[in-house]
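Keep in mind that the numbers below use all heavy atoms, side chains included, and drop hydrogens, waters and symmetry copies. Only a predicted model underlies this, so the values are computations on that prediction, with no experimental measurement involved. In the text below, chain A, chain B and the rest are named by the order of the sequence lines, each starting its count at 1.
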Protein chains: 2
Amino acid sequence: MSELEVRQLRYFVAVAEELHFGRAAERLGMAQPPLSRAIRELERHLGVQLLERTTRQVALTPAGEVFLHDARTALDAVTAAGRRARHAGQPTPSLRVALKADFDAGLLPRILAAFQGEDAALPVELLLGGRGEQVPALRDGRADVALLPVPFDDRDLDVEPLMTEPRLLALAADDPLAARSSLCLADLAGRSLPDGTPADRDGRPPTTARIQTGREQQPPSAPRGRVAGTQPTSLDLSKIFNLIELGSIVMFVPVSVASRHRRLGIAYRTVGDLPPSTLSLAWPQDSRSPAVAAFIRTATAVAKTARMDAQTDAETPQRAMT
Amino acid sequence: MSELEVRQLRYFVAVAEELHFGRAAERLGMAQPPLSRAIRELERHLGVQLLERTTRQVALTPAGEVFLHDARTALDAVTAAGRRARHAGQPTPSLRVALKADFDAGLLPRILAAFQGEDAALPVELLLGGRGEQVPALRDGRADVALLPVPFDDRDLDVEPLMTEPRLLALAADDPLAARSSLCLADLAGRSLPDGTPADRDGRPPTTARIQTGREQQPPSAPRGRVAGTQPTSLDLSKIFNLIELGSIVMFVPVSVASRHRRLGIAYRTVGDLPPSTLSLAWPQDSRSPAVAAFIRTATAVAKTARMDAQTDAETPQRAMT
DNA sequence: CTCACTCATATCCGCACGGTATCAATGCGG
DNA sequence: CCGCATTGATACCGTGCGGATATGAGTGAG
């Protein structure tokens with residue numbers, strides 16, 4: 001029993017995702033026959049049939065399903081090893097923090113400032129990605145720690161909740177709903193959210209959260225912001241707000257985001273049954289870096305004081321903003 | 001940037017563990033020069049120096065340290081993928097439960113019986129291993145679920161506590177300590193436990209529990225029991241009890257184990273400041289098997305009723321056994 | 001100073017992986 | 001019912017890479 005090789009895993013994942021040897025081979029930049037042979041060799045090696053193929057279609061066997069899943073996580077682990085080693089070898093290592101632009105509950109500046117005072121502090125590199133890019137970045141070694149709202153697929157990750165804040169509905173100021181005195185989720189049936197999902201599905205964590213892979217096939221041209229230093233540039237949030245202003249989409253945003261993006265043409269409204277958003281800190285379970293530990297400590301401390309501040313501010317009730 | 005390969009990971013781990021190219025090559029069943037070349041190629045590929053070598057000694061760089069760690073978990077993930085696929089392909093899949101022989105708090109028979117009534121039930125295969133073999137078995141796909149006392153290195157694992165029970169000191173009946181009216185941990189200074197550690201270190205979870213790898217270099221001839229069906233055979237506990245009887249070691253055992261191993265020549269004594277033992281259920285975080293889910297459900301249910309039974313039994317106070 | 005030890009370099013070789021050409025099976029349209 | 005297009009499998013060949021052997025070079029011990 002020699003040993004499973006990464007190449008075989010990559011090949012199998014490609015075929016299992018495409019369910020088509022030709023397309024998979026093309027995606028892998030190779031010809032189809034050696035791919036067929038490699039898969040057959042893999043199956044022979046495992047002694048298990050992974051794919052059910054006729055000359056007209058390819059399907060996964062149950063064993064193939066579980067292998068697809070495990071192969072993906074194994075591939076992630078391998079690339080994470082490489083990436084983290086590369087990063088650790090840099091002459092000036094940095095702490096890479098992944099977050100969705102602006103979705104930091106307003107804590108980031110304070111966290112970064114406090115962090116720089118720590119003994120184990122490192123230069124911070126911010127990775128601003130879209131919704132759902134933080135977790136893969138943590139898993140494959142591109143990021144050391146992430147700020148993101150729960151829930152998410154937290155396999156292999158440790159999580160620490162930082163702060164819970166209510167969310168508002170951002171919509172066009174001339175939207176009929178903006179004139180309504182009170183709203184609930186049901187009123188949003190049919191509306192679109194920035195990521196294309198219908199509005200009335202949001203807010204309820206999918207029941208399969210712990211099961212879904214969290215690593216959907218991403219188009220090769222997916223935009224990915226990468227900003228060094230502590231100068232976050234708002235990736236594409238401006239475009240999203242443009243779309244909101246035009247009335248083509250609506251969006252749920254934490255109040256901290258709303259307060260930073262007040263503009264004519266956009267209205268914020270409370271939605272009665274919209275669950276709040278909890279910003280969390282996440283990092284790889286096996287992180288042994290003192291810088292990560294220090295960041296976690298400072299971030300939780302900052303969040304704690306922020307929560308206490310919010311407590312005292314609660315006397316001043318907030319109105320809906322226009 | 002082609003791609004990291006499993007072979008390179010295996011090579012590096014071998015060298016990093018041996019800190020000696022010659023021995024590492026021997027362990028890998030190959031000659032030394034190609035190994036040197038492979039490592040140099042790996043470093044060139046990563047653009048990072050992993051090893052500091054003079055002609056007289058080899059040492060890990062900081063980057064090498066983190067890569068060693070990540071490479072190990074990546075290798076585990078790869079072999080787990082292979083093993084789980086193999087297992088999933090079996091015509092009659094089974095649920096593989098890892099535990100240390102007899103350390104089931106007496107719950108196992110009831111759990112197994114209840115489990116067989118479940119819809120998703122499968123034939124159960126018990127993997128009886130020594131202390132600390134359960135976690136690696138879960139990680140590399142040899143087991144689907146494990147019964148083991150906390151604390152342990154739970155990276156990548158989900159954990160559910162089942163039952164906490166006090167522990168007793170097992171020692172030779174003619175041991176001077178057996179005559180003492182009361183004992184505390186300090187009295188055991190200098191005594192040996194079955195795994196060779198001094199007795200006065202046990203009971204306090206190592207502070208590095210979440211950090212240590214949990215996968216020490218195991219000698220290739222390490223005994224590993226594998227028993228099919230529901231007929232657990234006591235692996236080597238009898239030998240341990242022999243040693244206890246001879247007075248060469250002492251051992252902390254949960255009361256459930258003690259009650260199953262009363263014998264002449266062995267005395268059980270309470271130790272005042274000996275923390276109790278909590279038996280837990282652990283399984284890979286990404287387990288999607290309905291059989292595992294069913295096992296978890298039944299096990300927790302059985303444990304709950306067992307706890308309630310213990311509650312009612314608490315009226316009958318327990319005496320120290322001889 | 002010399003020897004033993006250990007990692008690096010040089011060179012050769014075999015094979016495994018990938019490519020091209022082709023076959024075989026299956027579904028579909030006329 | 002018969003081609004034809006589609007798609008996976010088979011056959012065969014060439015090459016690059018991984019491994020072996022031989023040797024060199026640096027270094028610590030006695």
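For B:E26, there are no side-chain contact (heavy atoms from CB on, under 4.5 Å) partners, not counting sequence neighbours.
Following rounding to the nearest Å, A:E41 (CD) and D:dT10 (P) show an atom-to-atom distance of 13 Å. In this entry the distance linking CG of B:L50 with P of C:dC7 reads 16 Å, nearest Å. Straight-line distance from the CE atom of A:M30 to the P atom of C:dT20: 11 Å, rounded to whole Å. In this structure, the CD1 atom of A:I39 is 18 Å from the P atom of C:dA16, given to the nearest Å. Distance, B:Q57 CD to C:dA4 C1': 17 Å, rounded to whole Å. Rounding to whole angstrom units, OH of residue B:Y11 and C1' of D:dA20 are separated by 12 Å. What separates CD of A:Q8 from P of C:dC17 is a distance of 8 Å, to the nearest Å. We find that CG of A:L51 is positioned 16 Å from P of D:dT7, with the value rounded to whole Å.
Here A:R53 lies in heavy-atom contact (under 4.0 Å) with sugar-phosphate atoms only. Residue contacts for A:Q32: at a heavy-atom cut-off of 4.0 Å it reaches a base atom on one of the strands shown.
Of the two residues near DNA chain D, A:S36 and B:P33, the one whose nearest nucleotide lies more 5' is A:S36. DNA chain D is contacted by both A:R37 and A:R23; A:R23 maps to the nucleotide lying nearer its 5′ end (nearest heavy atom per residue). Taking for each of A:A38 and B:L19 the nucleotide of DNA chain C with the nearest heavy atom, the 5'-most of the two is the partner of B:L19.
For B:P34, the listed nucleotide lying nearest its side chain is D:dA20; candidates were C:dC7, D:dA20, C:dC17. The side chain of B:T55 lies closest to D:dG26 when the candidates are D:dG8, D:dG26, C:dG18.
Counting distance only, with no hydrogens placed and no angle test, the side-chain atoms of B:R56 and the base atoms of C:dT6 include no donor-acceptor pair under 3.5 Å.
Checking side-chain atoms of A:R96 against main-chain N and O of A:G141 turns up a donor-acceptor pair under 3.5 Å.
Going from atom CZ of B:F67 over to atom NE2 of A:H87 covers 16.0 Å, rounded to the nearest 0.5 Å.
Counting non-hydrogen atoms of other residues, nucleotides and ligands closer than 6.0 Å to CD of B:E52 gives a total of 12 or fewer.
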After noting the C-alpha distance and the side-chain angles of A:R84 and B:D70, does the key distance pass the salt bridge (charged side-chain N to carboxylate O under 4.0 Å, His left out) rule? CA-CA 8 Å; A:R84 286 211 267 263; B:D70 292 346; 2.9 Å; yes
